[in-house]
Amino acid sequence: QVQLVESGGGLVQAGGSLRLSCAASGSTFSAYKMGWFRQTPGKERDILAGISWSGGRTYYLDSVKGRFTISTGNANNTVYLQMNSLKPEDTAVYYCAATPSGSSWDSPRYWGQGTQVTVSS
């Protein structure tokens with residue numbers, strides 16, 4: 001079992017920045033690669049970025065490249081998503097997820113509870 005707890009969401013003006021955090025725990029979390037997803041009402045949950053715990057492998061959705069950065073704080077088992085130049089269309093519930101290392105980035109096994117990000121125009 002892997003437990004994931006997100007934090008850092010909130011309300012921000014367009015052009016602003018937020019950093020989301022995801023604290024991972026459990027006996028086997030190091031066997032997973034981590035990702036951030038987001039979901040808006042009526043739409044599927046889409047992967048935005050992914051990273052291995054070593055940081056050696058990363059993935060980004062094209063639409064967030066250059067604006068979002070995923071990173072790990074291995075000393076505290078935390079994954080971060082730094083979001084810059086936020087746009088109103090980035091408004092969504094953001095989820096942290098853990099995916100088995102051998103699976104595709106968009107096939108997570110464990111999810112966090114989600115954190116709301118709202119970008120005002």
Side-chain angles (χ1 to χ4, degrees):
Q1 284 280 8
V2 174
Q3 293 79 43
L4 305 171
V5 179
E6 302 110 331
S7 60
L11 174 65
V12 63
Q13 289 189 333
S17 298
L18 278 176
R19 189 177 79 157
L20 305 182
S21 300
C22 173
S25 61
S27 60
T28 61
F29 74 88
S30 60
Y32 294 79
K33 55 191 180 185
M34 304 301 294
W36 284 97
F37 292 66
R38 70 184 177 192
Q39 187 173 28
T40 55
K43 294 190 177 181
E44 292 187 353
R45 198 171 293 184
D46 295 324
I47 186 167
L48 300 174
I51 191 167
S52 59
W53 279 108
S54 68
R57 291 186 296 151
T58 58
Y59 166 86
Y60 288 98
L61 185 68
D62 284 347
S63 62
V64 305
K65 284 181 180 177
R67 296 193 301 127
F68 292 8
T69 303
I70 191 170
S71 62
T72 58
N74 290 325
N76 56 0
N77 304 332
T78 302
V79 179
Y80 303 98
L81 186 68
Q82 178 67 42
M83 305 186 293
N84 298 328
S85 302
L86 284 162
K87 306 174 183 179
E89 51 265 41
D90 293 317
T91 295
V93 178
Y94 285 69
Y95 295 90
C96 176
T99 301
S101 294
S103 299
S104 61
W105 288 107
D106 59 356
S107 300
R109 184 172 296 173
Y110 298 103
W111 294 95
Q113 81 283 1
T115 186
Q116 176 71 44
V117 171
T118 302
V119 184
S120 62
S121 58

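- The pair Arg38-Asp90 counts as a salt bridge, with a side-chain nitrogen and a carboxylate oxygen less than 4.0 angstrom apart.
- Between Thr78 and Ser21 the shortest heavy-atom distance is CG2-CB, 4.1 Å.
- Here the CZ atom belonging to Phe37 is positioned 8.5 Å from the CZ atom belonging to Arg45, to the nearest 0.5 angstrom.
- Shown here for Tyr95 and Glu6, the closest heavy-atom pair between the two residues is CA-OE2, 3.2 Å.
- Looking only at side-chain heavy atoms (C-beta outward), Gln82 and Ser17 come within less than 4.5 Å of each other.
- Nearest approach of Ser121 to Ala14, heavy atoms of both residues: CA-CB, 4.4 Å.
- There is no path of hydrophobic side-chain contacts, each under 4.5 Å, that joins Tyr94 to Tyr80.
- Counting heavy atoms from C-beta outward, Val117 and Leu18 have side chains that approach closer than 4.5 Å.
- Atoms OG and CZ, on Ser71 and Arg19 in that order, are 7.0 Å from each other to the nearest 0.5 Å.
- For Tyr110 and Tyr32, the ring centers sit closer than 6.0 Å to each other.
- Atom CG in Leu20 sits 8.5 Å away from atom CZ in Phe68 (nearest 0.5 Å).
- Salt bridge annotation for Asp62-Lys65: present, with a cationic side-chain nitrogen under 4.0 angstrom from a carboxylate oxygen.
- Using modelled atom types, one side-chain atom of Thr115 and one backbone atom of Gly9 make a donor-acceptor pair closer than 3.5 Å.
- Put simply, CG on Leu61 and CD1 on Ile47 are 8.5 Å apart, with the number rounded to the nearest 0.5 Å.
- The two atoms that bring Ala49 and Leu81 nearest to each other are CB-CD1, 4.2 Å, heavy atoms only.
- Figure legend: cation-pi geometry between Lys33 and Trp53 absent, as NZ or CZ is not positioned both under 6.0 Å from the six-membered ring centre and within 45° of its axis.
- The distance from atom CZ of Arg109 to atom CD of Gln1, rounded to the nearest 0.5 Å, is 10.0 Å.
- What you find for Arg67 and Leu86 is that their closest heavy atoms are NH1-CA, 3.9 Å.
- In this structure, Met34 and Leu4 have side chains that are in contact, with non-hydrogen atoms separated by less than 4.5 Å.
- Here the CG atom belonging to Asn84 is positioned 6.5 Å from the OG1 atom belonging to Thr69, to the nearest 0.5 angstrom.
- You'll find the side chain of Val79 reaches within 4.5 Å of the side chain of Trp36, heavy atoms only.
- Closest heavy-atom contact between Ala98 and Val2: CB-CG1, 4.3 Å.
- Formation of a donor-acceptor pair under 3.5 Å by the Ser52 side chain with backbone atoms of Arg57 is found in this model.
- Residue-environment remark: CD (Glu44) stays at or below the threshold of 12 foreign heavy atoms within 6.0 Å.
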